[in-house]
Amino acid sequence: MTAHLVVGPASHGVTRCALELHDTPALRHQPVVRVEDGHGTDLGAALGAHRGGHVHLHVTDKLLGRTAAQAADVLTALAAQVRLTVTLHDLPQPADGPGGFERRAAAYAQVVAAVHGVVVSSRHEAALLDDALAQAGAPALPDDRRAVVPLPVATHERPATPPEPIPPSDAAPGADQRDLVVLGYLYPGKGHEEALDAAATLPDDVGVLALGRPSDGHDDLAEELGARAARLGRRFAVTGYLPDDELVGRLRGAAVPVAPHRHLSASGSINSWLAAGRRPLVPRSRYVEELVARCPGAVLVYDDLAAAARAALADPASTWLGPDVRLTPTRDEAGRCYAAVLARWAS
């Protein structure tokens with residue numbers, strides 16, 4: 001039997017992913033241990049009776065330490081007490097910045113060496129993991145210790161009547177009916193700057209709306225983006241954290257859904273747009289090509305965001321999923337994949 005250790009606040013994307021997967025028919029009979037704050041918590045002690053058994057954990061370094069090295073030490077210590085397998089999120093990559101890639105690669109390599117098996121959420125992430133291990137001078141991960149299980153996508157809805165083109169607006173500042181809308185935590189490289197630059201080439205009533213709050217340690221980013229918007233003569237607003245029921249309404253009400261992060265490795269934000277029935281604008285990348293192959297028609301791939309946004313404003317129906325688009329894997333399908341992988345690693 002596998003126990004699922006779920007660390008972090010329920011609002012965090014990695015934590016939410018773990019909880020939603022556990023609540024599938026294939027996994028919900030397995031025990032779950034919740035730890036709200038992984039910083040400084042003795043995870044081995046929190047596991048109680050499950051110490052010594054097989055434990056699976058969805059993790060990104062920021063959930064377990066102030067630095068990637070601290071998080072790696074936490075997981076290495078835990079792996080000495082249980083048969084630990086992990087799903088690694090937010091894989092290291094050169095876009096982490098000077099020194100950041102090297103530090104995170106070394107930490108993730110330490111984790112891989114300590115655990116019994118590793119799941120990643122895309123073939124792109126599998127390649128990133130190979131690159132990180134090579135950067136750290138670590139051996140490649142054998143096939144029997146790795147698995148790829150894509151992030152699940154919820155079912156979608158499409159309006160009975162496709163939306164009409166949205167006319168220019170005389171609404172007061174702050175109205176988002178013709179805005180480029182970006183979902184998720186605000187952090188450097190997420191793409192809000194690119195969205196503002198694209199908006200500046202569009203009609204004057206087009207701004208940028210950020211659905212979410214600044215990531216921990218980046219509280220000043222909202223002010224910086226606001227100053228950039230002011231220089232460009234565009235409105236910019238940040239909603240802060242939105243509860244699920246309000247978030248779905250904002251996703252469905254967005255004029256131009258955009259997921260402009262060029263260095264994503266597997267995107268919960270894109271999946272949230274899809275779950276709301278939207279077809280977001282996404283930049284061409286290796287991960288996006290993988291997503292398009294798995295779910296044809298699910299996203300609008302662009303090379304020029306301003307041109308893609310102009311087309312979306314002229315044809316709002318293009319930003320809604322068609323009835324023939326199949327989103328896969330579903331949550332239950334992903335749960336079954338996890339159950340099979342974990343059963344193999346637990347035996």
Side-chain angles (χ1 to χ4, degrees), residues 1-91 104 106-121 125 129 138 141-142 144-149 151-152 216 266 268 331-332 334-347:
M1 177 72 72
T2 299
H4 296 257
L5 176 60
V6 181
V7 176
S11 59
H12 194 286
V14 171
T15 307
R16 174 176 296 194
C17 176
L19 290 171
E20 291 179 348
L21 280 167
H22 183 266
D23 190 33
T24 59
L27 295 174
R28 66 170 63 112
H29 67 285
Q30 298 179 349
V32 61
V33 177
R34 279 290 281 125
V35 174
E36 294 282 341
D37 185 358
H39 291 237
T41 300
D42 185 339
L43 298 181
L47 285 169
H50 302 294
R51 291 176 70 174
H54 177 219
V55 174
H56 189 74
L57 169 64
H58 286 253
V59 67
T60 178
D61 47 348
K62 293 180 176 60
L63 285 175
L64 295 177
R66 290 187 299 276
T67 66
Q70 288 179 349
D73 288 343
V74 169
L75 289 172
T76 300
L78 181 61
Q81 304 174 60
V82 300
R83 184 183 182 88
L84 182 64
T85 57
V86 294
T87 298
L88 294 177
H89 295 265
D90 303 324
L91 275 294
R104 296 190 71 230
Y108 275 59
Q110 177 182 334
V111 172
V112 168
V115 302
H116 185 73
V118 174
V119 180
V120 292
S121 301
E125 282 193 334
L129 181 57
L141 186 62
D144 63 348
R145 290 182 54 214
R146 69 162 74 204
V148 175
V149 182
L151 294 175
D216 294 341
R331 198 169 291 160
D332 287 353
R336 290 195 293 272
C337 289
Y338 264 97
V341 169
L342 298 181
R344 185 172 75 248
W345 286 341
S347 63

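Below, each value reflects all heavy atoms present in this structure, side chains not excepted, and no hydrogens, waters or symmetry copies.
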Stepwise side-chain contact (heavy atoms from CB on, under 4.5 Å) check, Leu75 with Leu57: CA-CA 10 Å; Leu75 289 172; Leu57 169 64; 3.4 Å; yes
Pair Leu342-His54, side-chain contact (heavy atoms from CB on, under 4.5 Å): steps then yes or no: CA-CA 9 Å; Leu342 298 181; His54 177 219; 4.1 Å; yes
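Rounding to the nearest 0.5 Å places SG of Cys337 at 11.0 Å from CG of Asp332. One finds the CG atom of Leu78 at 5.5 Å from the CG atom of Leu43 (value rounded to the nearest 0.5 Å). For the atom pair OG1 of Thr87 and NE2 of His4, the computed distance is 9.5 Å after rounding to the nearest 0.5 Å. The structure places OG1 of Thr24 at 9.0 Å from CZ of Arg331, a figure rounded to the nearest 0.5 Å.
Considering every non-hydrogen atom in both Val82 and Gly53, the closest pair reads CB-O, 3.4 Å. Considering all non-hydrogen atoms of both residues, Leu27 and Gly335 come closest at CG-O, 3.8 Å. Here the closest heavy-atom approach between residue Ala138 and residue Ala109 is recorded as CB-CB, 4.0 Å. Here the closest heavy-atom approach between residue Ala334 and residue Leu21 is recorded as CB-CD2, 3.7 Å. Here the closest heavy-atom approach between residue Leu63 and residue Val7 is recorded as CD1-O, 3.7 Å. When every heavy atom of Pro31 is checked against every heavy atom of Thr2, the shortest pair comes out as CD-O, 3.5 Å.
Put simply, the side chain of Gln81 does not reach to within 4.5 Å of the side chain of Leu47, judged on heavy atoms. The shortest side-chain heavy-atom distance between Asp23 and Leu19 does not fall under the 4.5 Å cut-off. Within the 4.5 Å cutoff, the side chain of Met1 has heavy atoms near those of the His29 side chain. Put simply, the side chain of Val112 reaches to within 4.5 Å of the side chain of Leu88, judged on heavy atoms. Side-chain atoms of Pro152 and Glu20, non-hydrogen and from C-beta on, never get closer than 4.5 Å to each other. Contact of the Thr76 side chain with the Gln110 side chain is registered, since non-hydrogen atoms from C-beta on lie closer than 4.5 Å.
Here the rule is side-chain hydrogen bond (donor to acceptor under 3.5 Å, both in side chains) with Thr85, and of His56, His116, Arg145 only His56 fits it.
A donor-acceptor pair under 3.5 Å is absent between the side-chain atoms of Trp345 and the main chain of Arg146, judged by distance alone. A donor-acceptor pair under 3.5 Å links the side-chain atoms of Arg104 to the main chain of Asp90, judged by distance alone. Counting only distance, with no hydrogens or angles, the side chain of Arg34 and the backbone of Gly8 share a donor-acceptor pair below 3.5 Å. A donor-acceptor pair under 3.5 Å links the side-chain atoms of His22 to the main chain of Gln30, judged by distance alone.
Other residues, nucleotides and ligands contribute more than 12 heavy atoms inside 6.0 Å of the CZ atom of Arg28.
Ring pair His58/Tyr338: centre-to-centre distance below 6.0 Å.
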